[in-house]
Amino acid sequence: MLNTLPYGTTPLQDFADIETWIFDLDNTLYPRHVDLFKQIEAKMNAYVSRLLDIPEEEATKLRKSYYRDHGTTMRGLMVEHHIKPDEFLEYVHDIDHSHVMHDADLAQAICALPGKRYIFTNGTRDHALKVAERLGITSYFEEIFDIVWADLDPKPNRAPYEKLLQQTGLNPKRAAMFEDLARNLKVPHDMGMKTVLIVPSRTREVFHDSWEAQGEEAPHVQHVTDNLGGFLKDVLNAIGRSADIEG
């Protein structure tokens with residue numbers, strides 16, 4: 001990847017038609033270097049180790065394979081080992097959220113976006129609320145759609161996206177999806193949404209696993225940035241909107 005970030009295959013002025021803004025949560029609304037998800041990964045590794053009575057190193061490899069092959073670790077454990085999802089979700093999301101800092105620039109940009117805004121996550125609603133509260137963006141979202149709402153069927157599967165469209169009545173041709181995994185943008189793109197991939201800062205970090213970086217230059221990834229707040233402000237400037245919070 002030699003492109004200078006941010007970059008895109010369509011002009012930012014095309015976002016003028018967007019009336020629904022859909023954001024993934026982890027490593028999207030906050031940057032990957034916060035390492036919040038690393039805490040969740042550690043708890044998932046411990047859960048798999050305890051469940052299967054295997055060393056944590058082996059559990060980590062198995063957990064990653066479930067994540068890659070099934071969309072989430074939990075889905076893999078449900079399919080392969082018939083776990084109780086409620087117990088798993090409660091355990092792995094019991095983490096320290098204090099690492100997430102208030103982000104005034106992001107809050108201003110999200111507040112200024114025209115239309116409705118949603119959080120759409122493979123995590124839990126409680127986890128999303130805690131993150132949004134720390135960032136200072138809770139009040140700017142219409143709703144949070146989590147893995148329980150999705151009937152435990154995770155992105156990138158098509159069903160939760162279809163349920164999102166059905167419940168909200170949104171027009172996918174006037175919607176934009178923001179994600180940190182390229183594979184989770186294929187269905188939205190196929191539906192007609194604009195797609196934006198959030199990647200780690202080129203100067204600070206790399207993807208945890210090489211497969212996570214795959215697809216940055218795929219046709220279903222229209223824009224790539226390593227700074228969500230900055231990208232949204234560029235969009236707002238391009239469509240003639242102010243990024244100042246009113247009142």
Side-chain angles (χ1 to χ4, degrees), residues 23-101 119-135 138 144-161 163-164 179-185 187 198-200 204-215:
F23 296 87
D24 175 49
L25 179 73
D26 291 307
N27 297 332
T28 297
L29 284 174
Y30 63 86
R32 184 181 288 262
H33 67 255
V34 171
D35 275 346
L36 197 64
F37 199 70
K38 185 175 287 187
Q39 293 184 60
I40 298 175
E41 288 178 328
K43 299 209 71 171
M44 288 191 292
N45 293 339
Y47 184 96
V48 174
S49 175
R50 186 180 71 238
L51 175 72
L52 303 180
D53 193 22
I54 58 177
E56 193 151 318
E57 182 177 354
E58 183 179 344
T60 300
K61 293 179 180 178
L62 186 62
R63 191 266 305 167
K64 288 183 177 181
S65 72
Y66 288 161
Y67 177 39
R68 182 183 63 244
D69 298 338
H70 295 276
T72 63
T73 300
M74 183 185 71
R75 187 71 174 178
L77 289 170
M78 289 171 61
V79 170
E80 303 292 341
H81 304 287
H82 311 290
I83 68 161
K84 295 180 179 179
D86 291 346
E87 176 186 291
F88 174 85
L89 289 171
E90 181 179 358
Y91 176 75
V92 302
H93 289 103
D94 182 17
I95 61 172
D96 178 11
H97 289 82
S98 66
H99 299 281
V100 180
M101 297 289 104
I119 294 175
F120 181 24
T121 174
N122 281 343
T124 64
R125 179 182 180 83
D126 181 63
H127 171 56
L129 283 170
K130 289 176 179 176
V131 170
E133 182 179 0
R134 295 287 306 176
L135 288 169
T138 309
I144 296 171
F145 299 106
D146 73 344
I147 191 65
V148 176
W149 166 87
D151 302 316
L152 307 177
D153 192 5
K155 300 175 288 182
N157 295 342
R158 188 178 183 89
Y161 297 95
K163 185 175 182 180
L164 179 68
E179 260 282 355
D180 70 302
L181 289 177
R183 66 176 184 169
N184 290 352
L185 292 173
V187 171
I198 314 301
V199 298
R204 297 185 63 167
E205 54 204 317
V206 296
F207 284 93
H208 288 180
D209 296 289
S210 59
W211 70 268
E212 290 185 299
Q214 294 173 3

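For clarity, every value in this text was computed on a predicted model and none was experimentally measured.
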Counting C-beta onward and ignoring hydrogens, is there a side-chain heavy-atom pair between [X] and [Y] closer than 4.5 Å?
| X | Y | result |
| --- | --- | --- |
| Thr73 | Val92 | no |
| Glu58 | Ser49 | no |
| Val100 | Leu135 | yes |
| Tyr66 | His81 | yes |
| Val187 | Pro156 | no |
| Phe120 | Pro160 | yes |

Compare every heavy atom of [Y] with every heavy atom of [X], then report the nearest pair and how far apart it is.
| X | Y | result |
| --- | --- | --- |
| Asp96 | Leu36 | O-CD1, 3.3 Å |
| Val48 | Ile54 | O-CG1, 4.3 Å |
| Pro154 | His70 | CG-O, 3.6 Å |
| Ala128 | Thr121 | CB-CG2, 4.4 Å |

Check whether [X] reaches the backbone of [Y] with its side chain - one donor and one acceptor, N or O, closer than 3.5 Å.
| X | Y | value |
| --- | --- | --- |
| Thr72 | Tyr67 | no |
| Arg75 | Leu152 | yes |
| Lys43 | His93 | no |

For [X], enumerate each residue passing the side chain to side chain contact (heavy atoms under 4.5 Å, CB included) test, keeping only those at least two apart in sequence or located in another chain.
| X | result |
| --- | --- |
| Asp53 | none |
| Ala42 | none |
| Glu90 | none |
| Lys163 | Trp149, Asp151, Gln167 |

request  = Just grab all the side chain to side chain donor-acceptor pair (under 3.5 Å) pairs involving residues 152-161, residues at least two apart or on different chains.
outcome  =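 Listed once each, the pairs are Asp24-Lys155, Asp153-Asn157, Lys155-Glu179, Arg158-Glu162.
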Results of side chain to side chain donor-acceptor pair (under 3.5 Å) for [X] - residues two or more places apart only:
| X | value |
| --- | --- |
| Asp126 | Lys130 |
| Arg125 | Glu143 |
| Thr60 | Asn45 |
| Asp26 | Tyr30, His127 |

message = A cation-pi test, strictly: NZ or CZ of Arg63 under 6.0 Å from the centre of the six-membered ring of Phe88 and no more than 45 degrees from its axis. Yes or no?
response = no
Gap between atom [atom2] of [Y] and atom [atom1] of [X] - 0.5 Å precision:
| X | Y | atom1 | atom2 | value |
| --- | --- | --- | --- | --- |
| Thr124 | Asp94 | OG1 | CG | 10.5 Å |
| Asp180 | Ile198 | CG | CD1 | 8.5 Å |
| Leu25 | Ile144 | CG | CD1 | 8.0 Å |
| Phe37 | Thr28 | CZ | OG1 | 10.5 Å |
| Arg134 | Leu29 | CZ | CG | 15.0 Å |

Residue Glu133 excluded, over 12 heavy atoms near CD under 6.0 Å = no
request  = Begin from the C-alpha positions of Met74 and Ile83 and carry the test side-chain contact (heavy atoms from CB on, under 4.5 Å) through to its verdict.
outcome  = CA-CA 8 Å; Met74 183 185 71; Ile83 68 161; 4.3 Å; yes
